[in-house]
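Quick notes on the structure that follows.
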Amino acid sequence: MTKSDLIENVAKNQSHLAPKDIELAVKELLETMSQSLSRGERIEIRGFGSFSLHFRPPRVGRNPKSGESVVLSGKSVPHFKPGKELRERVDNLFQQSDSSE
Amino acid sequence: MALTKADMVEMLYEQLGLNKREAKELVESFFEEVRLALENGRDVKLSGFGNFVLRTKKERPGRNPKTGQEIPISARRVVTFRPGQKLKARVEAYAGNQQ
């Protein structure tokens, strides 16, 4: 499912709103989420999951072409932890199809 | 402070002028559609943000950390998130007092 599929599906549920508004809203939601993370702020959505930052400490890497050592500074990377409902639902149909084999 | 659904509803209300009920339904629907896709075995690719990718895990040996007793961890399907280049780049510079 891509972003445009997601927009379409949300629009089907919210047929009283103009599709253009839904598109804008979905894009704004993703932008708000990105902004929060870039400020170091967590995202917590019950039943879906939480996003936070994990810090990767500085390390010495190598330029794969020249073999030279380069010092790479520390950085933050986004991390997602699925919530209980999402974890269970993602596994549910899988377990059913698995046991029917 | 963490970003919550309530904050997202507020944002849609203020920025797009949706009423609170519309905004709330839209935010719910947004997360529910992602859950539905994943539940039905479809990866979700949100360009600029990241991809939610399903992974199937085989059964593997595990251990009850309290009792030390060995118990198998059953085969299962799990969801992982792979942040996109754009999100990674925006987040990278943050070096605040996390963890």
Side-chain angles (χ1 to χ4, degrees), chain A residues 1-3 5-6 9-14 16-17 21-22 24-56 73-82 85-87 89-95 97-98, chain B residues 1-5 7-8 11-12 15-18 22-23 25-50 52 54 56-57 74-84 86-99:
Chain A
M1 181 169 82
T2 62
K3 199 192 291 176
D5 298 327
L6 173 61
N9 292 352
V10 172
K12 272 181 209 148
N13 299 333
Q14 313 292 312
H16 52 288
L17 294 177
D21 288 342
I22 305 271
L24 195 57
V26 167
K27 289 180 173 171
E28 282 295 328
L29 286 175
L30 290 168
E31 174 57 24
T32 302
M33 292 167 75
S34 298
Q35 260 174 24
S36 285
L37 289 172
S38 67
R39 285 195 304 262
E41 184 184 47
R42 292 169 54 84
I43 305 170
E44 286 175 11
I45 310 296
R46 182 156 310 160
F48 186 80
S50 60
F51 296 85
S52 59
L53 298 187
H54 282 186
F55 188 71
R56 301 272 179 261
S73 49
K75 61 174 182 180
S76 295
V77 293
H79 177 79
F80 174 66
K81 185 171 188 285
E85 185 190 338
L86 180 60
R87 270 204 318 273
R89 284 176 61 180
V90 158
D91 195 34
N92 260 343
L93 287 182
F94 170 73
Q95 296 295 348
S97 61
D98 205 37
Chain B
M1 261 306 283
L3 181 77
T4 64
K5 278 195 289 194
D7 299 320
M8 295 181 175
M11 184 279 292
L12 291 180
Q15 309 267 326
L16 300 187
L18 301 185
E22 289 169 337
E25 281 178 14
L26 200 147
V27 170
E28 290 291 347
S29 172
F30 170 81
F31 289 109
E32 178 59 13
E33 288 302 328
V34 176
R35 278 192 297 245
L36 276 170
L38 294 169
E39 181 174 35
N40 291 307
R42 298 174 72 196
D43 290 352
V44 176
K45 301 183 175 189
L46 304 175
S47 72
F49 187 72
F52 295 91
L54 292 162
T56 306
K57 304 266 198 174
S74 58
R76 63 191 61 197
R77 186 165 68 183
V78 298
V79 56
T80 59
F81 176 67
R82 296 184 52 87
K86 204 169 148 196
L87 179 61
K88 276 202 265 187
R90 287 177 72 174
V91 155
E92 204 164 285
Y94 184 81
N97 41 1
Q98 276 248 277
Q99 284 103 13

Just so I know, are the side chains of A:Leu93 and B:Glu39 near enough to count as touching, which here means a heavy-atom distance under 4.5 Å?
yes

dist A:Arg42:CZ -> B:Leu3:CG (nearest 0.5 Å) comes out at 11.5 Å

Cut-off 4.5 Å, heavy atoms of chain A, and the answer for B:Leu26 is both

Margin query: Working note: A:Glu31 + A:Lys27, criterion salt bridge (charged side-chain N to carboxylate O under 4.0 Å, His left out); need CA distance, chi angles, decisive distance, verdict.
Written below: CA-CA 6 Å; A:Glu31 174 57 24; A:Lys27 289 180 173 171; over 6 Å; no

* Do B:Leu38 and B:Val44 come within less than 4.5 Å of each other through their side chains, counting heavy atoms only? -> yes

Rounding to 0.5 Å, atoms OH (B:Tyr94) and CG (A:Leu37) come to a distance of 11.0 Å

**OP:** Please state whether the rings of A:Phe48 and A:Phe80 are parallel, tilted or perpendicular, taking 30° and 60° as the class boundaries.
**Re:** tilted

Quick one: does A:Gln95's side chain have a donor or acceptor within less than 3.5 Å of a partner on B:Arg77's backbone?
no

Whatever's closer than 4.5 Å to a heavy atom in chain B on A:Val10 counts as both

If you tally heavy-atom pairs under 4.5 Å between each of B:Asp7, B:Thr80, B:Asp43 and chain A, the highest tally belongs to B:Asp43

Counting heavy-atom pairs under 4.5 Å with chain A, the top scorer among B:Glu22, B:Arg42, B:Lys45, B:Arg90 is B:Arg90

So, the part of A:Asn13 with a heavy atom under 4.5 Å from chain B: the answer is side chain

Scored by heavy-atom pairs under 4.5 Å with chain B, the best of A:Asn92, A:Asp91, A:Val90 is A:Val90

Bottom line for A:Gln35: the part with an atom under 4.5 Å from chain B's heavy atoms is both

- request: Please work out whether the ring planes of B:Phe81 and A:Phe51 are parallel, tilted or perpendicular, with thresholds of 30° and 60°.
  value: perpendicular

Residue from B:Arg35, B:Gln15, B:Lys5, B:Glu92 scoring the most non-hydrogen pairs under 4.5 Å with chain A is B:Arg35

If you tally heavy-atom pairs under 4.5 Å between each of A:Ile43, A:Val77, A:Val26 and chain B, the highest tally belongs to A:Ile43

If one checks every heavy atom of B:Leu54 against chain A at 4.5 Å, the contacting part turns out to be side chain

Honestly, the part of B:Met1 sitting under 4.5 Å from a heavy atom of chain A is both

When the 4.5 angstrom heavy-atom criterion is applied to B:Val79 and chain A, the contacting part is both

So, the part of A:Leu24 with a heavy atom under 4.5 Å from chain B: the answer is both

Separation between CZ (B:Phe30) and CG (A:Leu29), nearest 0.5 Å, reads 5.5 Å

Any luck finding a side-chain donor-acceptor pair between A:Gln14 and A:Asp21 under 3.5 Å? no

Counting heavy-atom pairs under 4.5 Å with chain B, the top scorer among A:Arg46, A:His79, A:Glu85 is A:Glu85

So, the part of B:Leu12 with a heavy atom under 4.5 Å from chain A: the answer is side chain

From the list A:Glu28, A:Arg87, A:His16, A:Met33, the residue making the most non-hydrogen contacts under 4.5 Å with chain B is A:Met33

When the 4.5 angstrom heavy-atom criterion is applied to A:Pro78 and chain B, the contacting part is both

Okay, A:Ser36 and chain B: the region with an atom under 4.5 Å from a heavy atom over there is side chain

d(A:Leu17 CG, B:Leu16 CG) to nearest 0.5 Å is 10.0 Å

The interface call for A:Arg39 against chain B, heavy-atom contacts under 4.5 Å, is backbone

Q) If you measure only the distance, is there a donor-acceptor pair under 3.5 Å linking the side chains of B:Arg76 and B:Ser74? A) yes

- Above 12 or not: heavy atoms from other molecules or residues under 6.0 Å from NZ of A:Lys3? yes

Highest number of heavy-atom pairs under 4.5 Å with chain B among A:Asp5, A:Thr2, A:Ile22 belongs to A:Thr2

Answer key: most heavy-atom pairs under 4.5 Å with chain A among B:Ala23, B:Ser47, B:Gly50, B:Gly41 is B:Ser47

